[in-house]
Number of protein chains: 2
Amino acid sequence: MEASNRAAVICRAIRRAILEQALAPGDKLPEDTLGERFGVSRTIARHALGQLASEGLVELRRNRIAVVATPSFDEARDEFDIRRELERLVVRALCGRLTVAQLQELRAHLADEEKAHGGPAANSIRLATEFHVKLAEMTGKPTLTRYVREIAYRSSLSLATFGRPHSSECAISEHRSVIEALAAGDGDAAASLMAHHLDQVADRAFLKVAPARGDLMEVLAPYAEVDHAASGHQPPKPRLRSKANAQSSG
Amino acid sequence: MEASNRAAVICRAIRRAILEQALAPGDKLPEDTLGERFGVSRTIARHALGQLASEGLVELRRNRIAVVATPSFDEARDEFDIRRELERLVVRALCGRLTVAQLQELRAHLADEEKAHGGPAANSIRLATEFHVKLAEMTGKPTLTRYVREIAYRSSLSLATFGRPHSSECAISEHRSVIEALAAGDGDAAASLMAHHLDQVADRAFLKVAPARGDLMEVLAPYAEVDHAASGHQPPKPRLRSKANAQSSG
DNA sequence: GGCAGTAATTCTGCATGCACTTTCATGAGC
DNA sequence: GCTCATGAAAGTGCATGCAGAATTACTGCC
């Protein structure tokens, strides 16, 4: 799938780091540091960054250090709209075509999600995303898989930027009901359950922006971001994001 | 939008060549030839090829010359399914939000399509594709635009592989009705007209595979391709494609 | 102490060189 | 005439070096 192994290793590492929110939007990714860390030359590191940029996970600006992408609020919203349709296609393609082994794999994945529930959020987030990617892969449709994977990873960046603390228990039960609808061969149900699930994720994550009380910054962040998008260039904003989230119980 | 100008120039040139079918699936793209042609080093050419590969227009195999991608029949079919949903999102996003200037631009584009109707097919194909890309761009949604653009360009490769002679007059009238529905602010109509249009394109292009009489090769090509995909590696197949198409009136 | 101007450092953009792989042409053997 | 080995040519994979841009550190000044 990836051009060469050595660049692919870097890509995978960075993708995973983003997924587990070890890398946050805006974090710098200098070519030589990267190359040094992975024991390759800048050429390879550069190649990997290009690949990640084409997936929307990294932003490349001329003569500037590459940074982890910072999706705007609008982008996040629009991408969830796309994602809903793509994943609807996924479950429709899957319905009635899943093998016993595949169903078993999905249920095993669900078990992993449950097991990770009490633990660190990074694991839960990663597993939840991988559930969607795994479903897409099972369609055997390369383009659909690619788009779902890209957008799912991008979603985790949106979550990092705008999301409030991840609540995984709802997601898990929604995953389960999608699987059961697929197992029952009910494509319509599976499709609307998936669409509903993604709407819920979006709502939980950043659409219902806090019930008024508490941190004003958090409420305003999305709207501020909209303004930035309109004005066309990024204001300073040095890591205000994580601070705002951390104080949400203020 | 693209990392650097110099690589972007090469990308644009190749994309356009593909769109106008001056480059056919399987055509070779050696790094140094490319670099020489555009007055840059292999490094830049290589970078451009990586970019195009990430868009699915070029296939990169280790230690092998890059080639223009050859979508399989299944891929082509699946991508039209994706495209239908994406472009439905496009017209829904556009409906009621198009400015007078934008409507004017779309109608001007339609006029260009009509003007190109009698002329070389390359022009008609390019303009038809650009119509869809232009619509997507007008949404202002970067990810949606990117995906529609990628898939539209990929479609032109599918057409080159499986398509029969392009018939542009239907496409043009269908484009017109989409625009008029958008101008009238009827989102439902626009969405289903667009979906219908894409279905028609797919049907005209390669789903109704010739009415039995004539060249057997042409009828079998898609099924042969399905087989290749299943067996996992490409058989020789040295440009059989264009020959089969040319003899379709046998 | 705060601030502007400047030098040093860091980092990217790109070409080039070398090692290795694939491909192709040539010719020997059957 | 056909197949198969063999060596040359062509092409990619990757590291490195140099030029220039961006950033940072530093110094003198108010």
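Note that this is a predicted model, so its numbers are computed, not measured. A, B, ... follow the sequence lines: proteins, then strands. Residue 1 opens every chain.
- In this entry the distance linking CG of B:L34 with P of D:dA10 reads 18 Å, nearest Å.
- Checking D:dG11, C:dC11, C:dA15 against every side-chain atom of A:D32, the shortest atom distance belongs to C:dC11.
- Rounding to whole angstrom units, CZ of residue A:R42 and P of C:dA15 are separated by 13 Å.
- At whole-Å resolution of the value, NE2 in B:H47 and P in D:dT12 are 17 Å apart.
- With distances taken from any side-chain atom of A:T43 to the nucleotides C:dC14, D:dG11, D:dA15, the minimum falls on D:dA15.
- In this structure, A:R6 reaches the D:dA15 phosphate: one of its side-chain N or O atoms is under 4.0 Å from OP1 or OP2.
- Between A:R149 and A:E55, no side-chain nitrogen of the basic residue sits less than 4.0 Å from a carboxylate oxygen of the acidic one, so the salt-bridge criterion is not met.
- OP1 or OP2 of C:dG13 lies within a sub-4.0 Å distance of a side-chain N or O belonging to A:R46.
- Between the CD atom of B:E36 and the P atom of D:dG11 there is a distance of 10 Å, given to the nearest Å.
- Contacts of B:F38 classified as ring pair (Phe, Tyr, Trp, His ring centres under 6.0 Å), with partners at least two apart in sequence or in another chain: none.
- Under 4.0 Å is where a charged nitrogen must lie from a carboxylate oxygen, and between B:R146 and A:E150 at least one such pair does.
- C:dG17 atom P lies 16 Å from atom CD of B:E31, rounded to whole Å.
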Expected rows: protein N/O vs nucleotides 21-23 of chain D N/O, under 3.5 Å:
residue: D:dT23; atom: OP1; partner: A:R64; partner atom: NE; Å: 3.0

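- Residues meeting the side chain to side chain contact (heavy atoms under 4.5 Å, CB included) test with A:V68, sequence neighbours left out: A:I18, A:L23, A:D27, A:L29, A:L157.
- At whole-Å resolution of the value, CG in A:L49 and P in C:dT12 are 8 Å apart.
- Every residue two or more places apart in sequence or in another chain that forms a side chain to side chain contact (heavy atoms under 4.5 Å, CB included) with A:R154 is listed here: A:L57, A:A69, A:P71, A:E75, A:E79, B:T143.
- Residues satisfying the ring pair (Phe, Tyr, Trp, His ring centres under 6.0 Å) criterion with A:F131, sequence neighbours excluded, are A:H175.
- Pairs of residues two or more places apart, or lying in two chains, that qualify as salt bridge (charged side-chain N to carboxylate O under 4.0 Å, His left out) and include a residue from residues 119-128 of chain A are A:E20-A:R126, A:R126-A:E130.
- Of the residues near DNA chain D, A:V40 and B:P30, the one whose nearest nucleotide (by heavy atom distance) lies more toward the 5' end is B:P30.
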